[in-house]
Peer 1: 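One structure coming up, written as structure tokens, with questions to follow.
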Amino acid sequence: AVVSTQSGHYGRGGVSSRGAMGDDYIEFKEFRFFLLSLRQYFEYWEAFARTDADGDKRISFDEFQDAQEKIEVWVGPIGDMEGEFAKIDKNGGGIILFDEFCEWAIAKNLDLEDDDDNIVLE
């Protein structure tokens with residue numbers, strides 16, 4: 001059972017497998033990690049969507065600041081919202097894109113309060 005993926009580096013934790021099928025596929029032994037990673041990115045998407053009040057798939061500073069209370073439940077206290085926003089907005093575009101949000105969420109160990117963290121894959 002092999003799954004093709006354009007972003008296989010997520011499924012391998014950034015490690016090349018050089019398996020029989022090459023780097024463009026997730027091999028059976030990598031599939032569990034892929035599923036766990038996919039679930040984690042879904043959680044980041046859910047947090048992103050809850051912060052993106054107008055649904056334009058970008059987070060403005062106003063949306064970020066308005067969501068401070070819920071964001072702090074997910075990542076802990078943020079003293080300087082403007083400074084935190086600037087750290088997340090790596091390209092300086094004045095908005096937070098999903099990939100920027102994910103990098104920040106990983107670094108902050110973002111955890112939604114209402115998800116099921118006790119999923120066991122056997």
Side-chain angles (χ1 to χ4, degrees):
V2 180
V3 177
S4 175
T5 178
Q6 295 258 344
S7 48
H9 60 281
Y10 290 123
R12 292 187 184 91
V15 177
S16 176
S17 75
R18 300 281 185 229
M21 300 300 285
D23 285 341
D24 293 335
Y25 295 89
I26 297 171
E27 295 183 15
F28 183 75
K29 65 184 178 184
E30 303 165 322
F31 195 65
R32 181 173 190 255
F33 183 76
F34 169 75
L35 291 177
L36 292 171
S37 298
L38 185 62
R39 184 214 172 275
Q40 192 62 48
Y41 274 86
F42 180 74
E43 184 169 346
Y44 297 152
W45 176 256
E46 185 63 29
F48 184 86
R50 291 181 190 183
T51 306
D52 176 23
D54 65 7
D56 66 352
K57 300 193 179 26
R58 304 179 303 175
I59 298 173
S60 68
F61 176 70
D62 289 339
E63 289 171 323
F64 188 71
Q65 192 165 19
D66 291 347
Q68 181 173 0
E69 190 174 314
K70 62 183 157 190
I71 291 171
E72 288 181 336
V73 169
W74 304 333
V75 301
I78 299 173
D80 176 15
M81 289 299 281
E82 194 169 337
E84 196 71 17
F85 185 89
K87 281 195 309 191
I88 301 168
D89 181 21
K90 299 268 189 200
N91 67 3
I95 55 170
I96 298 172
L97 303 173
F98 182 62
D99 64 328
E100 295 170 325
F101 185 83
C102 285
E103 285 183 37
W104 174 79
I106 291 166
K108 288 287 194 175
N109 198 24
L110 183 145
D111 186 31
L112 294 178
E113 74 284 1
D114 59 352
D115 70 327
D116 185 359
D117 287 328
N118 299 319
I119 295 174
V120 177
L121 296 176
E122 303 261 348

Peer 1: For the CZ atom of Phe85 and the CD atom of Glu100, what is their distance to the nearest 0.5 Å?
Peer 2: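 Rounded to the nearest 0.5 Å, the CZ-CD separation comes out at 8.5 Å.
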Peer 1: Nearest 0.5 angstrom please: Ile78 CD1 to Glu72 CD, how far?
Peer 2: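 The CD atom of Glu72 is 5.5 Å from CD1 of Ile78, to the nearest 0.5 Å.
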Peer 1: For the atom pair CD1 (Ile88) and CZ (Phe64), what is the distance rounded to the nearest 0.5 Å?
Peer 2: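 Nearest 0.5 Å value for the CD1-CZ distance: 3.5 Å.
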Peer 1: Is there a donor-acceptor pair closer than 3.5 Å between any side-chain N or O of Glu30 and the backbone N or O of Glu27?
Peer 2: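 Present.
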Peer 1: Run the salt bridge (charged side-chain N to carboxylate O under 4.0 Å, His left out) test against Lys87 and tell me which residues pass, sequence neighbours left out.
Peer 2: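 Scan of Lys87 (salt bridge (charged side-chain N to carboxylate O under 4.0 Å, His left out), adjacent residues dropped) gives Glu84.
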Peer 1: So Lys57 and Phe98, side-chain contact (heavy atoms from CB on, under 4.5 Å) or not? Walk me through it.
Peer 2: CA-CA 7 Å; Lys57 300 193 179 26; Phe98 182 62; over 6 Å; no
Peer 1: Just so I know, are the side chains of Arg58 and Ile96 near enough to count as touching, which here means a heavy-atom distance under 4.5 Å?
Peer 2: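 The answer is no, as the side chains (C-beta and beyond) never meet within the 4.5 Å cut-off.
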Peer 1: If we only count heavy atoms from C-beta on, is the Asn109 to Trp74 side-chain gap below 4.5 Å?
Peer 2: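 No; the side chains remain at least 4.5 Å from each other.
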Peer 1: Apply the test side-chain contact (heavy atoms from CB on, under 4.5 Å) to residues Ile26 and Phe33: give CA-CA distance (whole Å), side-chain angles for both, the deciding distance (0.1 Å), then the verdict.
Peer 2: CA-CA 10 Å; Ile26 297 171; Phe33 183 76; over 6 Å; no
Peer 1: Okay, side chain of Asp52, backbone of Asp56: is any donor-acceptor separation there less than 3.5 Å?
Peer 2: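 Pair found, side chain donor or acceptor close to backbone of Asp56.
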Peer 1: For the side chain of Glu113 and the backbone of Val73, is there at least one donor-acceptor N/O pair under 3.5 Å apart?
Peer 2: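 Flag not set: sc Glu113 to bb Val73 has no pair under 3.5 Å.
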Peer 1: Are Phe42 and Trp45 close enough that their ring centers fall under 6.0 Å?
Peer 2: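 Here the rings of Trp45 and Phe42 have centres that are no less than 6.0 Å from each other.
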Peer 1: Mark yes or no for whether Glu63, through its side chain, and Thr51, through its backbone, hold a donor-acceptor pair below 3.5 Å.
Peer 2: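 Answer holds: no.
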Peer 1: To the nearest 0.5 Å, what is the distance between CG (Asp111) and CD (Gln40)?
Peer 2: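 CD of Gln40 is found 7.5 Å from CG of Asp111.
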Peer 1: Show your working on ring pair (Phe, Tyr, Trp, His ring centres under 6.0 Å) between Phe31 and Phe28 and close with a plain yes or no.
Peer 2: CA-CA 5 Å; Phe31 195 65; Phe28 183 75; 7.4 Å; no
Peer 1: Phe101 and Tyr44: which non-hydrogen atoms are nearest, and at how many Å?
Peer 2: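 Scanning both residues completely, I find the closest heavy atoms to be CE2-O, 3.4 Å.
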Peer 1: Assess the residue pair Trp104 and Asp89 against the criterion (side-chain contact (heavy atoms from CB on, under 4.5 Å)); give the C-alpha distance rounded to whole Å, side-chain angles, the decisive distance to 0.1 Å, and a yes or no.
Peer 2: CA-CA 9 Å; Trp104 174 79; Asp89 181 21; over 6 Å; no
Peer 1: Counting distance only, does the side-chain N/O of Lys70 pair as donor-acceptor with the main-chain N or O of Arg50 below 3.5 Å?
Peer 2: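 Side chain of Lys70 to backbone of Arg50, a donor-acceptor pair under 3.5 Å: yes, one is there.
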Peer 1: Would you compute the distance between atom CD of Glu46 and atom CG of Leu110 and round it to the nearest 0.5 angstrom?
Peer 2: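 It comes to 11.0 Å.
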Peer 1: Each residue besides Ile95 in its hydrophobic cluster should be listed here, by chain and number; the cluster joins Ile, Leu, Val, Met, Phe, Trp and Tyr at side-chain heavy-atom distances under 4.5 Å.
Peer 2: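 Its cluster mates, by chain and number, are Leu97.
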